[in-house]
Amino acid sequence: MADDKDDERPLHSDPDEGAIDEPTTSNAQEADEAAWMMKEGITVGLIAIGAMILLGLGLLQGSGLVDFFAPIADSGFGQWIALGVLALAAIALFAWSRVGV
């Protein structure tokens with residue numbers, strides 16, 4: 001399917017690359033796919049919200065406005081370690097949510 005504008009398109013760009021060859025024919029299959037898409041969208045959204053909260057806590061911690069982790073760790077270094085553990089937990093949660101996708 002070559003046309004006169006093929007040389008103007010970006011390289012490695014095929015809009016139909018991930019297209020499904022067969023349309024959905026049953027209501028059950030469509031419901032399953034819709035439920036899967038909703039679950040994936042909600043999962044990514046919740047993890048993104050959590051990451052933004054974690055980023056905000058890190059920025060507040062770095063500026064010295066809050067000592068959110070003071071009950072856990074007394075020193076500044078310990079509080080940064082606690083924030084790092086939370087960041088690693090968020091990354092692990094995101095990686096776990098992507099398994100099987």
Side-chain angles (χ1 to χ4, degrees):
M1 295 182 25
D3 58 9
D4 58 346
K5 296 192 178 213
D6 270 346
D7 56 347
E8 296 176 11
R9 291 193 180 122
L11 295 176
H12 309 293
S13 174
D14 186 11
D16 295 328
E17 183 178 354
I20 299 173
D21 293 334
E22 299 175 9
T24 302
T25 56
S26 70
N27 288 339
Q29 182 184 6
E30 185 177 349
D32 288 342
E33 289 177 4
W36 179 83
M37 286 188 293
M38 290 294 292
K39 180 188 76 114
E40 292 300 314
I42 289 171
T43 301
V44 169
L46 288 175
I47 291 173
I49 289 170
M52 290 301 110
I53 290 172
L54 190 63
L55 177 65
L57 283 175
L59 291 172
L60 287 171
Q61 179 86 17
S63 65
L65 292 175
V66 296
D67 285 333
F68 186 73
F69 300 106
I72 298 171
D74 295 333
S75 68
F77 182 71
Q79 292 180 8
W80 282 110
I81 294 293
L83 184 69
V85 167
L86 279 179
L88 289 175
I91 291 170
L93 182 64
F94 180 75
W96 174 76
S97 74
R98 302 286 87 206
V99 171
V101 174

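Residue numbers start at 1 and run along the sequence shown.
More than 12 non-hydrogen atoms from other residues, nucleotides or ligands lie less than 6.0 angstrom from CD of Q29.
Note that CE of M37 and CG of D32 are 11.0 Å apart. Values are rounded to the nearest 0.5 Å. Rounding to the nearest 0.5 angstrom, the gap separating the CG atom in L54 from the CD1 atom in I47 is 12.5 Å.
When hydrophobic clusters are built by joining Ile, Leu, Val, Met, Phe, Trp and Tyr residues whose side-chain heavy atoms come closer than 4.5 Å, directly or via intermediates, L55 is not grouped with L83. Hydrophobic clustering (side-chain heavy atoms under 4.5 Å, transitive across Ile, Leu, Val, Met, Phe, Trp, Tyr) keeps L93 apart from I91.
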